[in-house]
Amino acid sequence: MPFSLDTLNPPQRDAVTYSGDAHCLILAGAGSGKTRVLTHRIAWLIGQGVEPSAILAITFTNKAAAEMRERALALVQEHAEGLKLSTFHAFGARFLRHFATYAQLEPSFTIYGESEQKSLIKKVMTEMGLIGGESSELLESESKKSSTVVNEYMYTIMGWKEAGMSVETAHSEAKSRESQSIANVYEMYEKQLLANNAVDFAGLLLWPLHILKYYENVRARIQAKYRHILVDEFQDTNSVQLDLLGLLCGPSTQLTVVGDDDQSIYTWRGADPTAILEFSKRFGACEVFKLEQNYRSTQPILTCAGNLIACNEKRAEKRLWTSQEGGEKVHVVSYASDWDEAADVISQVIARHRNMRIPWQNIAVLYRKNSQSVSFERECSHNAVPYQVLGGTGFYEREEIVDLMAYLRVMVNPADMVAFRRIINKPARGIGEKTCDKLVELVRKKADFGKNPAEALLGLLADVVEGRCKIPRAGAKLVTGCQQLLALFERCEDWRNRAPRDTLLDILDETHFYDHLKKVTAKKGQEYDDAQERIQSLIQELDAHQAKSPNDLPGFLEDMSLIRPEADETRHAVNLMTIHSAKGLEFDLVYIVGAADGILPLERGGTCDIEEERRLMYVAMTRAKYVLTISYPEMSHEYGRQMVQTPSRFLDEMVRKGEESAIDRTDNGSAAQYTSPVPKLAWSRPQEREKPKEERRYFEDGGESLLSRAKKRSQAQNDFEADPVYEEASIDIRSDRDEGNAFVSPEVANIAGESTVAISKNGRPIGVGTRVQHKVHGRGVVVQIEKSGNDYKAMVAFRKAGIRTIIARFLEVF
DNA sequence: AAATCTCATTTTTTT
DNA sequence: AATGAGATTT
């Protein structure tokens, strides 16, 4: 056996080596080593002679899949050929590419995300006369905005699909006039999806389910293929996924599922926290293994988290324990406002990073909703703290990126009229809504006539160019526009055999995209350079994919729709994310912010699933290894309005009555006198860090202290193993400690407070530690700033060019 | 069809 | 506060 079972505790070992005929159900508390158990079980199975290709492991996120692959690979070395590891959705996509014809799809189908779904549903509703026209009863009677109605319809339909409801069932169960109308839209929407050769997220699960259900040959093949299916985060599997799992399992397939009902945070997506407890009802006999020893968090953190989750009624009773003793108390801090909260949390982050040498990437700020991130982002950038925001609206929702992706999608899937509508008039080709409808209608006609989608599209464009079709008010502009598109498609015809980046470059060139971009950004008052840079990043993404899988544009598009940018722990940056996206991760330091009633637990429209919110809080708390800080503002800004907040009820629940020993409260609220920006911490001052006793007590971590690990890490950084930019930044920040100041260097403090600020080319403040970009020298970090006449001179350490002095307004902040 | 202006809304969480 | 959809004008 190439790996050892000695590193496992007895229950873990039992679960890993279970060899009976029943299924294997592992109830694994937070931090109890479930990933370790899963990877070891995979390795163990392979060691027992199971073919890797007969193993399918399903995780909740792509990142978890990647991590699992890496760790399993380390255990089994080269014996992993053919091992399948993916999310439900990625599995569905791959399955569907393979069996596309069973769903009347081409293997080149497009995956629609939320925005594409929305525009398709909107289109359908317009065509059905539900919105847009004068006779739209919906709007008249209810006096609603059409966008609101579209949203309502969309969310209902998605909800139905997520619950596995077919069009037929939707029709038969529709009672009210409205749900009948929605069912009609649902039916049309499904037809349109097929016509576009597209599948939405729900479809990635529903189609495979359908195929497995009705085609026995496929089912037999698949069931024979997978002898072992392992499912991670089982508590978050929804009913469609359970059905799918049921069909993937043949009579001789063994299931291994791992989960924790206390960490179920996706009931809003159809998951049922009790499903894991009723596993055997559905899948038959199972052997149950319980992992209750926590290896992650200190005692106070576990105590508080345990007290909190014990308030839930619907749960299997269990208690996590740890052999670790001691540990810093859980901090509970109040602030006068959310802005104060952000400022102080970030200054604490800086202090901890400096004094405890905690690497940035081991620190996380967790919040309930994405909109809470802004104040923390601002504080980070003002204080030169490297950070990354996970989730939220990001890169792939930027207009120019979506547009370019739409071009690529039309190449791959010419039937995708949602993408076609997006690109047809970008850049402006004199084609408006009406003309566009007409064009799409004509393409469809050709397609119905038996032409393949590519022929239909190109044929139509040719018809327009040669005046062979009648389009009302067709002007010369339209003809030139279609000519241009035609030329582009011909030029890119060979996309299958080329690097996707070259296809993209052709698109950029042929459409004069940068000219268009210049106009658009100028109109909207956005930075043209930023947009340009984002396109460069897209090209980099294409190159990265090319290295993994050459000339695979469809694969790239699939990855882009399925994979969200996830936490990159190799980046030396503080992590800002929602609690949901923190699932499965761990950090040395965790700050849970905005712990006010109404935000966490979140309440909307007077409703609130308190047990789910409590589980969410539990998940957040158990992410922390060493220090957990929970804070709330007494007032917060929402939609520009100020809202008075009250502390979260969870703060009381996590402390047993008469027992306050696990927490440490600090009041920085409006009533409190402002004393010190940082609550008294044992090691907040450098001198005090010299007490070895205290240090050891808090840093003990399986023989290797956090401190020594941190030292090693910063050693590694000095060797330029990682991004040198961050390294330079942190060296610099450390150096100003000698100036006797607490946490913020004078220059940076100046930026935060005063109006005399060095301003970059893109209008952002520059301080010591700011990461900047220069046209000639590339990226670097500001190490010093001084005034020179009306300008500021910045000394910048560039990655390649070394230290140079540059006038601040020629630098860009990135 | 394109440009400009006004006003209303906003997601809670993710594949 | 910021963004986007609708109405209005050119």
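Fair warning: this is a prediction, and the values are worked out from it, not measured in the lab. Proteins come first, then strands; the chains are lettered A, B, ... in the order of their sequence lines, and each starts at number 1.
Residues Asn425(A) and Thr578(A) both approach DNA chain B. Their nearest nucleotides, taken by heavy-atom distance, put Asn425(A) toward the 5′ side.
Among the protein residues, Phe88(A) comes within range of no part of the nucleic acid, since none of its heavy atoms lies under 4.0 Å from any strand. Heavy atoms of Ser581(A) sit under 4.0 angstrom from primed sugar atoms or phosphate atoms, though from no base atom.
Counting to the nearest Å, the P atom of dT9(B) and the CD atom of Glu638(A) are 17 Å from each other. When rounded to the nearest whole Å, the span between CD of Glu233(A) and P of dT14(B) equals 14 Å. Put simply, NE2 on His516(A) is 11 Å from P on dA2(B), counting in whole angstrom units. Rounded to whole Å, atom C1' of dT14(B) lies 11 Å from atom CG of Asn62(A). For the pair His637(A) NE2 and dT10(B) C1', the interatomic distance rounds to 18 Å; values are reported in whole Å. As a whole-Å value, the separation of Asn151(A) CG from dA5(C) P is 10 Å. Taking atom CE on Met560(A) and atom P on dT14(B), their separation rounds to 19 Å, with Å as the unit. Between Arg421(A) atom CZ and dA1(B) atom C1' there is a gap of 16 Å when expressed in whole angstrom units.
Taking the charged nitrogens against the carboxylate oxygens, Asp262(A) and Arg315(A) do have a contact shorter than 4.0 Å, which makes a salt bridge. In summary, Arg615(A) and Glu612(A) engage in a salt bridge, as defined by a charged side-chain N under 4.0 Å from a carboxylate O. Under 4.0 Å is where a charged nitrogen must lie from a carboxylate oxygen, and between Asp236(A) and Arg269(A) no such pair does.
Remark: the Asn370(A) side chain and the Thr578(A) side chain contain no N/O donor-acceptor pair separated by less than 3.5 Å.
Picking from dT15(B), dA1(C), dG6(C) the nucleotide with the shortest atom distance to the side chain of Tyr639(A) gives dA1(C). When each of dT15(B), dT14(B), dG6(C) is scored by its nearest atom to the side-chain atoms of Phe201(A), the top-ranked nucleotide is dT15(B).
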